[in-house]
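Because the structure is a prediction, the values reported are computed rather than measured. Numbers restart at 1 for each chain; the letters A, B, ... are given by sequence-line order, proteins then strands.
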Amino acid sequence: MTPAPDPRLRFDETFAGLEEIPRAFLRGDTAEAARGLIGAWIAHRHGGRWYGARIVETEAYLGRDDPAAHSCGGRRTPRVEPMYRDGGHLYVYLVYGMHHCANVVTRTEGVAEAVLLRAAEGPAGTPEKLLSGPGRLCRALGITTAASGMDLLAGGKVRLARGPDRPRTIRVTPRIGVAYAGEAARWPLRFFDAHSRAVSGPARLNRA
DNA sequence: CACATGATCGCCT
DNA sequence: GGCGATCATGTGG
């Protein structure tokens, strides 16, 4: 059993009301997918109820030729295996021995690229920091490595869908926490909703 | 707000 | 054996 999501994230609508994300979109360009997932919903069914949040910050990881990606150089181990699946799958890993990070796999079978979900926002009234940061997002939704490898577009317990509203302004910066990746640390692959207060990272980086 | 530090363990070499 | 796609807490300005 996966850990319980934060009760404040309960939402009683079902995914019937939300638009499906076409798998073809997630099979395409990974940076475009990262941009396009701002405003989408990530949800987890637990104990017979749905818990969900609106994605407000993402990062693209470009696979074989990206020194910051776990699949860099074609590295293929049991942990990273989900990254090699078809677009629309979930890749979850553990960092620093205590935090989980959730990724939406992109491109096609055998091409290991993904979008890291860095932050989301809950319903009005929930604390801004509840899902602000990849570790907090996973903790608040109860997502762990137990869910790694799932298909997010197949009606399972963890799902992805288009949200009702499009973000008004999306800003782009370098990725966070990848200083070890040399020049790739400066690639503009982090996307966030400029109007959300749930975005993570240093304020300096988030200003226009 | 900026910066420093400790926690903690699975994964890879 | 070393090291993170991080977070919470502490200090000081």
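What separates CG of A/Leu117 from P of C/dT6 is a distance of 13 Å, to the nearest Å. Atom C1' of nucleotide C/dC7 and atom CD of A/Glu128 are separated by 18 Å, given to the nearest angstrom. In this entry the distance linking CD of A/Glu59 with C1' of C/dG4 reads 14 Å, nearest Å. One interatomic measurement links the two molecules: CZ of A/Arg76 to C1' of B/dC12, which rounds to 17 Å at whole-angstrom precision. Taking atom CZ of A/Arg118 as the reference point, atom P of C/dA5 lies 11 Å away to the nearest angstrom. Distance CD (A/Glu57) to C1' (C/dA5): 11 Å, rounded to an integer number of Å.
The side chain of A/Arg204 sits closest to B/dA2 out of C/dA5, B/dA2, C/dA8. If you check C/dT6, B/dC12, B/dC1 against the side chain of A/Ile176, the one that comes closest is C/dT6.
Residue-level contact check: A/Val115 touches neither bases nor backbone, having no heavy atom under 4.0 Å from any strand. The residue A/Arg75 sits close only to the backbone: its heavy atoms come under 4.0 Å of sugar-phosphate atoms, none of a base. Residue A/Ala203 is in sugar-phosphate contact alone, with no base atom involved, counting any heavy-atom pair closer than 4.0 Å across all strands shown.
For A/Ala53, the side chain to side chain contact (heavy atoms under 4.5 Å, CB included) partners at least two apart in sequence or on another chain are A/Ala120, A/Leu131.
Within residues 83-109 of chain A, the residues having any heavy atom under 4.0 Å from DNA chain B are, by residue number, A/Leu94, A/Tyr96, A/Gly97, A/Met98.
The environment of CZ in A/Arg166 is crowded: more than 12 heavy-atom neighbours from other residues, nucleotides or ligands sit within 6.0 Å.
In this structure, A/Glu81 pairs ionically with A/Arg76, as a charged nitrogen and a carboxylate oxygen lie closer than 4.0 Å. Taking a cutoff of 4.0 Å between a charged side-chain nitrogen and a carboxylate oxygen, A/Glu113 and A/Arg107 qualify as a salt bridge. For A/Arg23 and A/Asp151, the salt-bridge test passes: some basic side-chain N is under 4.0 Å from an acidic carboxylate O.
In a base pair of the Watson-Crick type (N1 to N3 plus N6-O4 or O6-N4) or a G-U wobble (N1-O2 and O6-N3), with each distance short of 3.5 Å, C/dG4 is matched with B/dC9.
Side-chain N/O atoms of A/Arg79 include none lying less than 4.0 angstrom from OP1 or OP2 on B/dG10.
Stacking annotation: A/Tyr61 is stacked on the base of C/dA5 (ring centroids less than 5.5 angstrom apart, interplanar angle below 30 degrees).
The closest side-chain heavy-atom distance from A/Val104 to A/Thr58 is not below 4.5 Å.
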Distances under 3.5 Å between nitrogen or oxygen atoms of protein and nucleotides 9-13 of chain C:
none

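Partner of A/Thr173 under the side-chain hydrogen bond (donor to acceptor under 3.5 Å, both in side chains) criterion, out of A/Arg190, A/Glu57, A/Arg207: A/Arg190 alone.
A side-chain donor-acceptor contact under 3.5 Å links A/Arg75 to the backbone of A/His70.
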